[in-house]
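A note on names: the letters A, B, ... follow the listed sequences, proteins ahead of strands, and every chain is numbered from 1.
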There are 2 protein chains.
Amino acid sequence: MAGRRYRDPSGRTLADYPRPSLAVDTAVLTVPSDAAALHVLLVAHRDRHRRDRWALPGTFLHEGETLADAVRRSLAQKAGVVGLTPTQLHVFDAVDRDDRGRVLSVAHVSVVGWSRVAPAVSARDDVAAVPVAAAVGLPYDHDQIVALAVAHTRARYAEHPDPDRLLAGPFTLLELRRLHEAVLGAPLPKDTFRRRMQPQLRPTGRLRQGAVGKPAELFRHRRGAPAVPRP
Amino acid sequence: MAGRRYRDPSGRTLADYPRPSLAVDTAVLTVPSDAAALHVLLVAHRDRHRRDRWALPGTFLHEGETLADAVRRSLAQKAGVVGLTPTQLHVFDAVDRDDRGRVLSVAHVSVVGWSRVAPAVSARDDVAAVPVAAAVGLPYDHDQIVALAVAHTRARYAEHPDPDRLLAGPFTLLELRRLHEAVLGAPLPKDTFRRRMQPQLRPTGRLRQGAVGKPAELFRHRRGAPAVPRP
DNA sequence: GAAATAGTGTCTTTGAGACAATATCCT
DNA sequence: AGGATATTGTCTCAAAGACACTATTTC
């Protein structure tokens, strides 16, 4: 690398500076199809006392890798989940946060459809999805990461319809509202919800057939990238 | 450190993992007393081609130091500014963002009163405060950091009166509005501004004397810590 | 027809913005 | 008195929440 010979004003090269380890930890949020609550993905984690605990999936940053790369690698490897679009939340930098040494961790969040998570959860003993309200007592500062991820996600869902494109095909406003209620963890008024979301959707002429009651109109997402939060 | 002998499931110790350099860069925002615009603090920066450029103050993270520590150290040393309460914004992690090697930078923002900045700006050639609109063409990704810091700060000022306690003693609503207009970079309607901010202030019985016009009531900040954004 | 769901109308409240009237000081 | 600034009143508009009514399907 060209930088090897560079010396700064005090005569030091880049390698002379101390280097803490840098990790990523990710809260993967999802809504199981048989539950109406936001869940977070946990993986079995053997700590330095050789005890198994549930924790957020994480890894150390490898050479030449971006943080998003590391997130995707750790999730593919530790939980068999692919297709993530991680969003950075916060760097946890307490000096004593990891008793193996100085480790800073960049917390991430990623919201994915249940179909991406279900195979790993049902096939592997070391992967589980638990309601976010039940994900407490996790090691390191993972409780804080989960809380941060949930708050961040709920704020995004208050603004836009299904910002993570969890509903694949066309959907009714009831289906959209059920999803938002699961993310929020609380019921939403159906009339106000419709009036806020409908202008942001693209109507298909079609109706949802086969269910009891008046058939509901099917909508699609608007063109363009879904709302993203940070650069 | 106790962690030295710890080996993970693949037999590696913490030292076996690659370690990128970790830096902090800080946008120090302030409003000069003789200007009605938000300014950012820049320091002279000699790059690897031995050219002097203006850049945000930054440094590498030292051993046993938190990110906030590193921010305060870099500002005290490179700009003679103390008393900061830095807030984390984002980690910039592009692999090629620094041509000296792999360096990740945690961007921070800190809003301080002009009195903390003025001595260094007037005494040192290598420290300057420029309007945020003029702080473009900076090296690395410092343009993005400034934009992020400004957006973050403006959003905070839209909610609460003087969240960084830049006004020391009691102040009138006109003085508060002038500050918010400087941060926002646009005029604010005086009646709406009053109605939003007054409930969040503590009235003193006293009036501002000596100026022309009807004397304005003096207010103080509410008790308690000012609104903070992230953990 | 009864039940269930979709979609809409309307009333109230709240807050922002615009505009202006009134109040109280300085010179 | 006259100018300047502070403070408050009022009107309009928009959006949210609550409530209820109508519409259209399945059973």
Side-chain angles (χ1 to χ4, degrees), chain A residues 31 33-34 36 151 154-163 167 169-222 227, chain B residues 33 36 151 154-163 167 169-222 227:
Chain A
V31 179
S33 47
D34 57 350
R154 286 179 174 162
R156 287 200 311 131
Y157 276 71
E159 294 293 317
H160 298 288
D162 186 17
L167 301 172
F171 49 87
T172 69
L173 275 162
L174 176 61
E175 291 159 354
L176 180 66
R177 183 159 55 91
R178 292 265 181 272
L179 169 63
H180 279 246
E181 287 175 340
V183 171
L184 181 59
L188 287 164
K190 72 167 183 178
D191 42 11
T192 302
F193 182 79
R194 168 183 294 269
R195 279 186 258 256
R196 249 200 315 197
M197 296 305 177
Q198 187 166 348
Q200 307 182 51
L201 298 175
R202 199 155 48 95
T204 73
R206 293 183 294 142
L207 303 177
R208 170 74 77 209
Q209 302 290 358
V212 55
K214 178 175 174 178
E217 186 171 4
L218 288 166
F219 293 88
R220 287 182 181 281
H221 290 296
R222 277 276 168 80
Chain B
S33 47
R154 285 179 175 163
R156 288 200 310 132
Y157 276 71
E159 293 294 316
H160 298 287
D162 186 17
L167 302 172
F171 50 87
T172 69
L173 275 162
L174 176 61
E175 291 159 355
L176 180 67
R177 183 159 55 90
R178 292 266 181 270
L179 169 65
H180 279 246
E181 287 174 339
V183 171
L184 182 60
L188 287 165
K190 72 173 181 177
D191 41 11
T192 302
F193 182 79
R194 168 184 294 270
R195 279 186 257 256
R196 248 201 314 199
M197 296 304 176
Q198 187 166 347
Q200 306 183 51
L201 298 174
R202 199 155 48 96
T204 74
R206 293 182 295 143
L207 304 177
R208 170 74 76 209
Q209 302 290 358
V212 55
K214 178 175 172 177
E217 186 171 4
L218 289 165
F219 293 88
R220 287 182 181 282
H221 289 295
R222 277 275 169 79

> Considering only side-chain heavy atoms of A/Arg194, which listed nucleotide, C/dT8, D/dA6, C/dA16, is closest?
Replying inline: C/dT8

> Is A/Arg196 touching bases, backbone alone, or none of the nucleic acid, heavy atoms closer than 4.0 Å?
Replying inline: sugar-phosphate

> With nearest nucleotides of DNA chain D determined for B/Thr172 and A/Phe193 from heavy-atom distances, which residue corresponds to the more 5′ nucleotide?
Replying inline: B/Thr172

> What do the steps show when you test B/Arg178 against B/Glu175 for salt bridge (Lys or Arg N to Asp or Glu O under 4.0 Å), and what is the final call?
Replying inline: CA-CA 5 Å; B/Arg178 292 266 181 270; B/Glu175 291 159 355; over 6 Å; no

>> Counting C-beta onward and ignoring hydrogens, is there a side-chain heavy-atom pair between B/Tyr157 and B/Pro163 closer than 4.5 Å?
In response: yes

> Separation of A/Gln198 atom CD from C/dG9 atom C1', in whole Å?
Replying inline: 15 Å

>> Can you measure A/Met197 atom CE to D/dA16 atom C1' for me and round it to whole angstrom units?
In response: 13 Å

> A/His160 pairs by side-chain hydrogen bond (donor to acceptor under 3.5 Å, both in side chains) with which of A/Arg196, A/Gln200, A/His180?
Replying inline: A/Gln200

> Do the non-hydrogen side-chain atoms of B/Leu218 and B/Phe171 ever get within less than 4.5 Å of each other?
Replying inline: no

>> Can you list, in residue-number order, the parts of residues 176-189 of chain A that come under 4.0 Å of DNA chain D, counting heavy atoms only?
In response: none

> Roughly how far, to the nearest 0.5 Å, is the CG atom of B/Leu184 from the CG atom of B/Leu179?
Replying inline: 11.0 Å

> Judged by atom type as modelled, is there a donor-acceptor pair below 3.5 Å linking the side chain of B/Arg220 to the main-chain atoms of B/Thr204?
Replying inline: no

> Between residues 201-217 of chain A and DNA chain D, which residues have a heavy-atom gap below 4.0 Å?
Replying inline: A/Ala211, A/Val212, A/Gly213, A/Lys214, A/Pro215

> Can you tell me how far C1' of D/dC19 sits from CG of A/Asp191, to the nearest Å?
Replying inline: 8 Å

>> Quick check: do B/Pro187 and B/Glu181 have side-chain heavy atoms less than 4.5 Å from each other?
In response: yes

>> Any base atoms under 4.0 Å from A/Arg195, or only sugar-phosphate, or nothing? Heavy atoms, all strands.
In response: base

> Tell me, do A/Met197 and A/Leu176 make a side-chain contact under 4.5 Å, heavy atoms counted?
Replying inline: yes

> Quick one: A/Leu173 CG to C/dT5 C1', roughly how many Å, whole number?
Replying inline: 13 Å

>> Could you tell me if the side chain of A/Arg195 sits less than 4.5 Å from the side chain of A/Phe193, heavy atoms only?
In response: no

> Atom NZ of B/Lys190 and atom P of C/dA18: how far apart are they, to the nearest Å?
Replying inline: 14 Å

